[in-house]
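Report on the structure given below.
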Amino acid sequence: MGESDRRRGEGTYPLGRRARRRRLASGRATGHVATPARDPSGLVPGDFVSLPSRPMPTITTTRRGVTQRWTTTLIPTTREAPNDAEVPSHVLLHRAGFIRQVGAGIYDYLPLAWRVLGKLSAIVREEMDAAGASEMLMPALEPFELFKDTKRDETYGDNLFRVKDRKGRLNALAPTHEEVITELMRGCVNSFRQLPLNLYQIQTKFRDEARPRAGLLRCREFIMKDAYSFHLAVEGAGGLNEAYDAMYCAYTNIFTRCGLDFSAVEAESGPIGGSASHEFMVNCASGEDTVLKCPASGYAANVEKCEIGLRPAPSKGYFAGEPTGALEEVHTPACPGIDDVCKFLKVKPQHMLKSVLFKVQSTPEQLAKYGEEYILAVVRGDHDVNEGKVKELSGCTSIAMAEPMEAVAKGFAIGFVSPRAAVGKKGVLLLVDRDAAVAFDDAAGKSKFWVTGGDKPDYHVKHFNWQRDLGKDPLAAGAQGEHKGGLRGGDDHMMVGDVRNALEGDPSPRAAGSKLIAARGIEVGHIFKLGTKYSDAMGLTILDQAQQKRPVIMGCYGIGVSRTMAACVEMSHDADGIIWPAALAPFHVLVTLMKPDDARQRDVAARLASDLNTAGVDVLLDDRDERPGVKFKDADLVGLPIRLTLGDKALDAGGVEFKQRKAPAGDKGHVVPLGDVVASVVAKLNG
RNA sequence: CGGGGUGUAGCGCAGCUUGGUUAGCGCGUUUGACUGGGGGUCAAAAGGUCGGCGGUUCGAAUCCGCCCACCCCGACCA
């Protein structure tokens, strides 16, 4: 007879908890380890059994609820969080007994957390299945060679976990599964008739993050749903776009059903490649990502991607204007950053020209044809260069910040570079942001005062004037035009364009007259149109109707499952604890027994729990012999949507106390007649 | 990887500067009593290789060296 049977047999027993403990401590509870009598239903009498009940209304998130008791599960709540926990989700998930840290970026998911993850996963599965995807499971451990074909062993770099096996062979702990699934498809799918396909899994992923942080928000081991779709075409029925749109809808459904406040925003597809990409962000001031939204058109994008609406050119044209004074060189020692220089020179960052050097990552063929190429991007001191926009404007798909050593050798005084540094050098494109390509300030009605680098260590120059000081006339250099595809396009190596990050207040790119507003978010989902990046690299081809070999077109779609749980807490908590939305709450209702030893309270709790279960409501019974204050504090911490308190006062009045977690502080709840409890609970959960 | 910080009981911390009884405190835990609607009171108890290794010393939580772990800022980041 197992321990669990014995415990169950004693679940509601005649003895109080203390007396039980005493007897257990003396070595034997009842003198024998009995098999509890069972009724045909298999339920143990005296436990919280299902009683016959009338038909109940049902809530939408679950078919049938469960009841668990606090005393027979693990919910280690604490008054204080470990001092490494800083962000609210980490603190509260720890204090409420959901997670424990095992190592840097590695966590235990305790029973409550696992229930949340289960509910989230169930929603993900339902929506993925409904969208035509099929669940499968791939291994987390992969031969390292798999990553070589796609070069992700290099591009992923140190973020790829490496594991040596006993034979000394290198394996990887998978950060995602593009390679594995592409390999799988290569072996299984060879006819266009088998497409389209969309396969997904929910699985533990590994990334050797340089700096794990913020609890579950950035882990080295985490749970992710990843889906991969395969198509013969981009457009049309069965094409990539169709699957992408279906995933967009599925994600919208998933996060809506979860009860999360989220935004879908346009995103940079990054090193993963591909044409289009959206991120799903939980809206939350503490989020790591900045998004910009246009209130008029609904356009929303990550800063990394966000376009800026047309900014009118200066009235006199770009670069045109008189100097503000004689060019003056100033010694600026110990000023590594823009802010330092500004402070030292008492100049506002808006009057600085910031120059950032990129090196074009050429293929050997390109290198032979064009030689080494650089791009010098110039923005105003208070703006940030946007790498994606630099790529687009320059027409170079692969660039990277130049290595300082190499840049210095090339004649760029890193940290003190001015636009002049690009002049007179072969293979250097000068890319000037619209806000930096100004010589006459229309708003101020006078010439623009610029400070920029002195092109030698610890020096800057004041009164920089584009026409006078650049070393060539920008007006004559044909830089006025608004064209793209610069470096090799024969444009005399100088261009004006949009190369900076969007900011709040910038004109919307989608609605004239509307201004962008900024917000923060936590990325919980990301969908990509991959195209043929992986199928090309790994030789995944298929015969089409015309018997032509065609590379398979792919999409991939991720959801950070464990991160979503944490993001939900970030989004929804107060000073007392977590406030779970009904759909993700580990249980819907907490039934607090004021006196767990009291027969009437136990009886009512059992019946109530059973009825609630029948209605699909999950119940956690706080049957601990604790003081009321402790139970109430823990109830708020754990944050289940509804708390039903069973105490003598309410019971004498024929009811139980009903309180919603999201109710304003100080709200003591109200008494609901026993017969109405289930309906009230279901109504509130569905509402 | 650069900068900063922390490691002493399950959690939060003191002690270290200036080496010297048996390493303390609060919370939590266990036992008992009193209690019983927002972390209660009293009494008793258990719980520590002071992150690790090495060194200095008659003697190290304390001083020195090396290493490890964890956190924060930055770099990085489908």
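Values reported hereafter were calculated over all heavy atoms of this structure, with side chains retained and with hydrogens, waters and symmetry mates removed.
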Inset, instruction - Check the side chains of A/Gln201 and A/His177 for a donor-acceptor pair under 3.5 angstrom, ignoring hydrogens and angles. - result: yes
Inset, instruction - For A/Glu86, report the nucleic acid contact type (base, sugar-phosphate, nothing); a contact means any heavy atom under 4.0 Å. - result: sugar-phosphate
Legend entry - Under 3.5 Å side-chain donor-acceptor pair for A/Lys529 and A/Asn241: yes
Legend entry - Closest nucleotide among B/G36, B/C70, B/U29 to the A/Asp625 side chain: B/G36
Inset, instruction - With heavy atoms under 4.0 Å as the rule, sort A/Asp226 into base, sugar-phosphate or nothing. - result: nothing
Nucleotide N/O to protein N/O under 3.5 Å, stretch nucleotides 23-28 of chain B:
from, atom 1, to, atom 2, distance (Å)
B/C27, O3', A/Arg79, NH2, 3.4
B/C27, O2', A/Arg79, NE, 3.3
B/G28, OP1, A/Arg79, NH2, 3.4

Legend entry - Distance in angstrom units between A/Asp384 CG and B/A75 P, rounded: 10 Å
Inset, instruction - Looking only at non-hydrogen atoms, find the nearest pair between A/Val591 and A/Ala605 and report the distance. - result: CG1-CB, 4.3 Å
Inset, instruction - Check every strand shown and say whether A/Ala214 touches a base, only sugar-phosphate, or nothing at a heavy-atom separation below 4.0 Å. - result: sugar-phosphate
Legend entry - Sugar-phosphate, base or nothing in reach of A/Ala210, heavy atoms under 4.0 Å: base
Inset, instruction - Could you please name the option among B/C70, B/G38, B/C72 that lies closest to any side-chain atom of A/Arg213? - result: B/C72
Inset, instruction - Classify the nucleic acid contact of A/Asp158 as base, sugar-phosphate or nothing, counting any heavy atom under 4.0 Å across all strands shown. - result: nothing
Inset, instruction - Return the nucleotide paired to B/G7: Watson-Crick means purine N1 to pyrimidine N3 with N6-O4 or O6-N4, wobble means G-U with N1-O2 and O6-N3, both under 3.5 Å. - result: B/C68
Inset, instruction - Answer yes or no: side-chain N or O of A/Arg627 and base N or O of B/G36 forming a donor-acceptor pair under 3.5 Å. - result: no
Inset, instruction - Please tell me which of A/Arg218 and A/Gly103 maps to the more 5' nucleotide of RNA chain B, matching each residue to the nucleotide holding its nearest heavy atom. - result: A/Gly103
Inset, instruction - Using a heavy-atom cut-off of under 4.0 Å over every strand shown, decide if A/Glu279 touches base, sugar-phosphate, or nothing. - result: nothing
Inset, instruction - Could you let me know what B/U29 is paired to, Watson-Crick or G-U wobble, both distances under 3.5 Å, or none if it's on its own? - result: B/A45
Inset, instruction - Compare side-chain N and O positions of A/Arg211 against OP1 and OP2 of B/C72 and report whether any pair is under 4.0 Å apart. - result: yes
Legend entry - A/Pro175 or A/Thr645, whichever maps to the more 5' nucleotide of RNA chain B: A/Thr645
Inset, instruction - Look at all strands and tell whether A/Ala81 reaches a base, only sugar-phosphate, or nothing, counting heavy atoms closer than 4.0 Å. - result: sugar-phosphate
Inset, instruction - Could you tell me whether the phosphate oxygens of B/C11, OP1 or OP2, come under 4.0 Å of any side-chain nitrogen or oxygen in A/Asn83? - result: no
Inset, instruction - Would you indicate what A/Arg95 reaches in the nucleic acid, counting non-hydrogen atoms under 4.0 angstrom: base, sugar-phosphate, or nothing? - result: base
Inset, instruction - Report the base-pairing partner of B/G36 (Watson-Crick or G-U wobble, both distances below 3.5 angstrom), or none. - result: none
Inset, instruction - Choose from B/C70, B/G39, B/C77 the nucleotide whose nearest atom is closest to any side-chain atom of A/Glu209. - result: B/C77
Legend entry - Out of B/C72, B/C71, B/G12, whichever nucleotide has its closest atom nearest the side chain of A/Ala104: B/C71
Inset, instruction - In whole angstrom, give the distance that lies between atom CG of A/Leu74 and atom C1' of B/U29. - result: 15 Å
